[in-house]
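One structure is given below, encoded as structure tokens.
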Amino acid sequence: PDTPTALPHALHHAHTHHEPQLAIRQGHLHTPRLTRHPTGNTTGNTTWNPHGTVLITGGTGTLAAHTARHLVTQHGVRHLLLASRTGPNAPGADQLRKELQELGAHVTITACDVADPEATEALLHNLPPQHPLTAVIHTAGVVEDATFTSLSVPELEAVLRPKADAAWNLHHATRHLDLDAFVLYSSLAATVGSPGQANYAAANAYLDALAHHRHHQGLPATSLAWGPWADTDGMAGLLSETDVARIARTGFPPMTAEYGLGLLDAALTASDHPLLIGTALDTAALRSRADGGDLPPILADLAPRTARRAQGTGAPAQATPAASSLKDQLAGLGAAERQERLLDLVRRTTSSILAYPDVSDVPARSGFLDMGLDSLSTIELRNVLGRLTGLQLPATLIFDHPTPAALARHLDGLLAYGTGPERQDDILGELRRLDSSLFSVPAGNSRLRAEVKEQLQSMLRKFDDGPDDNSGQLADALTSASAEEVLQFIDREFSDNLRDSGEAGSHG
């Protein structure tokens with residue numbers, strides 16, 4: 001733990017770091033980075049007892065089936081207990097049993113809700129003494145994707161229960177046993193995040209923490225944070241073409257069963273590491289994200305940033321020039337050219353996110369939702385455009401401006417284009433129109449003339465003083481605040497105004 005004298009010093013330096021995550025340990029700052037782990041010999045530090053029983057939860061799912069076949073054919077496992085909530089009634093259960101039996105294994109497929117501690121105890125109690133439990137592989141899991149702000153309690157519980165509750169029950173029920181392996185199938189989502197999977201990330205983060213907990217207790221534990229597999233049962237079947245394209249852009253392409261099982265063997269030889277990530281890597285996609293400023297810092301060592309590519313090379317929208325460069329390009333353009341350039345940016349970015357072959361597939365006046373954007377891809381579009389323009393854009397951006405043409409006009413209105421000739425003409429034109437309208441104020445209306453004069457003098461003072469930094473900070477704060485924080489701010493301002501009004505009344 002940090003000493004009281006070292007902590008303030010470390011916190012001061014932490015404030016100067018541009019990192020989203022930092023750990024302070026004994027007064028020193030640590031930044032998280034993923035690095036490649038050498039696989040070495042993957043054939044064998046883990047000895048699988050041929051007389052023991054290996055329990056695989058989620059036992060009738062695709063990942064469990066791949067794992068069971070691999071243990072039988074490559075590691076000589078002969079006794080398998082496959083447990084799932086539906087057990088032998090699951091689709092394909094009989095076929096899986098017959099296949100494994102033909103490979104020489106004795107297989108029991110049983111229905112058990114491992115998230116129920118009593119059911120878990122009963123499951124293990126019924127094992128024959130001549131074939132005791134010697135290994136656990138927890139593959140069970142459920143996905144209930146939703147954006148964070150729309151997550152419900154049932155959606156959270158549906159994901160946590162089969163992952164986290166079941167993992168704890170397995171740990172508690174086996175902590176006194178001499179196991180060869182205790183493997184938890186976790187997810188990369190817990191380490192780097194995954195849009196729309198806050199509940200899934202939390203459940204798998206619990207598995208990662210449990211592996212560390214067991215490791216510190218001297219118990220076998222490996223949490224394998226998997227990247228996407230090419231053929232996971234219900235999860236892959238729920239992915240749309242947009243989802244598949246989004247996953248490909250992350251730099252973690254789906255891996256084959258053969259590749260994944262090779263990573264399983266490698267992970268089980270690394271007993272000093274209770275948490276490992278098993279995934280395929282597309283370094284070109286990672287580097288593209290790095291060039292576009294979209295790569296989380298934790299991945300920086302896997303794909304160092306390259307020199308920025310020139311505009312017009314056919315690079316995806318994520319690799320276009322940064323916000324300041326974009327503003328410079330737009331500064332000298334007329335209004336029509338600016339909007340045309342921004343419209344092209346919006347259409348190309350949308351085309352990239354939807355994995356459309358050509359930008360012409362994104363009509364300027366068609367609705368984003370009609371083109372196939374969903375709640376996750378609208379957020380991705382907002383994030384990319386925000387990064388490219390340097391603007392803080394709301395989560396409702398696509399819903400407020402539902403076509404590329406409307407969105408381009410909105411961005412045009414938000415961006416500051418410097419002091420180009422047309423910008424100057426716009427400002428001076430507005431002043432001339434204001435000058436003309438002032439003559440419509442009746443000479444005899446002294447009250448209105450006084451108010452107009454006061455307003456003009458106030459505007460001139462603000463112009464002389466420059467932008468109000470405080471108001472800009474307040475606007476930025478409100479833009480990034482949660483709904484609850486905004487309501488608290490309004491309530492506080494209302495209370496202050498009410499109190500000031502009461503004090504003024506009492507003095508009167």
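Keep in mind that the numbers below use all heavy atoms, side chains included, and drop hydrogens, waters and symmetry copies. Bear in mind that the values here come from a model prediction, so they are computed numbers and not experimental data. Start at 1 with the first residue, then count along the sequence.
With Arg33 contributing its side chain and Pro297 its backbone, the two residues share a donor-acceptor pair below 3.5 Å. Within the 3.5 Å criterion, the main-chain N or O of Arg347 finds no donor-acceptor partner in the side chain of Ser351. Thr403 places no side-chain N or O within 3.5 Å of a backbone atom of Ser366 that could act as its donor or acceptor partner. Between the side chain of Thr256 and the backbone N or O of Tyr259 there is at least one donor-acceptor pair closer than 3.5 Å. Judged purely by atom type and a 3.5 angstrom limit, Asp208 has no side-chain atom pairing as donor or acceptor with the backbone of Ala225. Side-chain atoms of Tyr185 never come within 3.5 Å of backbone atoms of Gly141 as a donor-acceptor pair (strictly under, hydrogens ignored).
Contact between Leu276 and Ala270 at its shortest, heavy atoms only, is CD1-CB, 3.8 Å. Scanning both residues, Gly251 and Ala285, for their nearest heavy atoms gives CA-CB, 3.7 Å. Between Arg36 and Thr283, the shortest heavy-atom contact is NH2-CG2, 3.5 Å.
Residues Val142 and Arg161 form no side-chain contact, since every pair of their non-hydrogen atoms from C-beta on lies 4.5 Å or further apart. Proximity of Ser223 to His212: side-chain heavy atoms (C-beta onward) are nowhere separated by under 4.5 Å. A 4.5 Å side-chain heavy-atom check between Leu393 and Leu414 finds at least one atom pair inside the cut-off.
Under the salt bridge (charged side-chain N to carboxylate O under 4.0 Å, His left out) criterion, Arg382 pairs with no residue at all, not counting sequence neighbours. For Ser187, there are no side-chain hydrogen bond (donor to acceptor under 3.5 Å, both in side chains) partners at least two apart in sequence or on another chain. Partners of Asp282 under the salt bridge (charged side-chain N to carboxylate O under 4.0 Å, His left out) rule, at least two apart in sequence or in another chain, do not exist in this structure.
Here the options are Arg447, Lys453, Arg449, the test is side-chain hydrogen bond (donor to acceptor under 3.5 Å, both in side chains), and the partner is Glu451; only Arg447 passes.
In summary, the side chains of Thr35 and Asp301 do not present any donor paired with an acceptor at a separation below 3.5 Å, with no hydrogens or angles considered.
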